[in-house]
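Just so you know, these numbers use all the heavy atoms, side chains as well, and skip hydrogens, waters and symmetry mates. Sequence lines set the chain letters: A, B, ... in the order given, protein chains first and strands last, and positions in each chain run from 1. All values derive from a computational prediction rather than experimental measurement.
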Amino acid sequence: MDTILAPMERPLCRLDLTPLPLEFYRRPVVQVARELLGRWLLRRTAQGLAGGRIVEVEAYLGPGDPASHSYRGRTRKNASMFSAGGRAYVYPIHSRWCFNVVTDTQRVPSAVLVRAIEPLLGLELMAYRRGTTQLLQLARGPARLCQALAIDRRLDGWNLASGRRLWIARGDDQVPAEEQIAITPRIGISQAREELLRFVHLGREAFLSGPRHLHRNRQ
DNA sequence: CTACCGATTGACT
DNA sequence: GTCAATCGGTAGA
């Protein structure tokens, strides 16, 4: 008689919150962007631990991408983009903050903008910081997630492999399969609008930013 | 110093 | 769907 209970391939309750190694980030930006989907972004402050699953990202390339902050060369603001992969690049826009993951080597000033996470840890803390109790409003949009996680200029250049303050981990390993990833144009830019460099985790549409027609492939 | 702009958001028609 | 608040960064006088 066959076994009635198949052994679990993965314990559902196992959480891996250890930081991804620097080697993860020191690869081509598009590959890192896709593989960031499903990973957990984590933030620890004196107030507690908060974070969630990355569900929406955009790749900003090194040379040749006019929408990338590195396109016109190095300045004080974008200096973090010119460091080796594995650091944060945090920049201000319209009195708010956006968080990027620096990728590739020092020679390739590229980064992945994290546009949305599915809130999973520290919901009360994130709700307090955001000033709303609505789950779907906590971290949908690049500036909203920074507010929810208290990310600002002090974390620009932060080493994401340190495992303190701000890092990325495997979490519960619920990474999207290939067919669960939609690839669309990037949001909010005026240059290179047609490039397909935005990656979203299908099945978690409720947590995505941007118009609904960009929650599927193409436009 | 001034002028202009933006990888946004929230309020509003 | 439209629109403007708001301010750090940047370029230029």
Side-chain angles (χ1 to χ4, degrees), chain A residues 25 28-30 32-34 36-37 41 52 54-83 85 87-104 108-119 126-158 160 166 168 182-201 205-215 219:
Chain A
Y25 304 100
V29 58
V30 169
V32 175
R34 299 176 72 111
L36 276 172
L37 291 179
L41 176 61
I54 296 172
V55 296
E56 177 185 357
V57 296
E58 286 175 356
Y60 287 86
L61 313 183
D65 180 6
S68 176
H69 286 175
S70 63
Y71 186 66
R72 288 171 183 81
R74 180 177 184 146
T75 66
R76 168 128 74 274
K77 168 189 164 190
N78 65 19
S80 295
M81 272 191 87
F82 289 78
S83 61
R87 291 186 182 273
Y89 167 44
V90 180
Y91 71 90
I93 180 162
H94 290 276
S95 311
R96 296 172 163 91
W97 300 99
C98 290
F99 165 72
N100 296 251
V101 171
V102 178
T103 63
D104 264 299
V108 186
S110 56
V112 177
L113 172 69
V114 180
R115 288 194 57 94
I117 66 171
E118 174 187 351
M126 289 192 280
Y128 170 75
R129 288 170 175 155
R130 286 277 300 125
T132 177
T133 56
Q134 304 218 12
L135 182 67
L136 297 182
Q137 295 301 322
L138 291 187
R140 183 172 62 180
R144 290 181 179 131
L145 81 84
C146 282
Q147 186 180 21
L149 297 179
I151 294 173
D152 61 27
R153 74 157 81 238
R154 293 174 300 216
L155 287 167
D156 182 40
W158 187 257
L160 296 172
L166 182 67
I168 297 170
I183 308 176
T184 82
R186 294 172 291 187
I187 291 176
I189 56 173
S190 54
Q191 303 285 317
R193 303 184 65 153
E194 72 287 355
E195 296 295 325
L196 300 174
L197 291 170
R198 175 173 172 266
F199 304 89
V200 304
H201 186 158
E205 283 88 344
F207 300 103
L208 303 180
S209 72
R212 276 245 264 282
H213 72 273
L214 285 180
H215 294 179
Q219 41 183 343

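- Among the atoms of the strands shown, none is found under 4.0 Å from any heavy atom of A:R193.
- Note on A:R115: a side-chain N or O is less than 4.0 Å away from OP1 or OP2 of B:dT8.
- In this structure a side-chain-to-backbone donor-acceptor pair under 3.5 Å is missing from A:T103 to A:P28.
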N/O contacts under 3.5 Å, protein versus nucleotides 1-3 of chain B?
none

Legend entry - Reading 5' to 3' through nucleotides 1-13 of chain C, protein heavy-atom contacts under 4.0 Å coded B for base, S for sugar-phosphate only, - for none: ----BBSSSS---

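- Panel note: side chain A:R144, backbone A:A139; no donor-acceptor pair is recorded below 3.5 Å.
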Legend entry - Base-pairing string, 5' to 3', of DNA chain B - Watson-Crick or wobble, under 3.5 Å, | interstrand: ||||||.|||||.

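- The pair A:D65-A:R186 counts as a salt bridge, with a side-chain nitrogen and a carboxylate oxygen less than 4.0 angstrom apart.
- Within the nucleic acid shown, A:A67 comes within 4.0 Å of at least one base atom, counting heavy atoms only.
- A salt bridge links A:R198 with A:E56: the closest approach of a Lys/Arg side-chain nitrogen to an acidic carboxylate oxygen falls below 4.0 angstrom.
- With centroids closer than 5.5 Å and planes inclined by less than 30 degrees as the test, A:Y91 and the base of B:dA7 fail to qualify as a stacked pair.
- If you take CD1 of A:I151 and P of B:dA7, they are 19 Å apart, rounded to a whole angstrom.
- With the nearest nucleotide of DNA chain B identified for both A:R140 and A:S190, A:S190 has the one nearer the 5' end.
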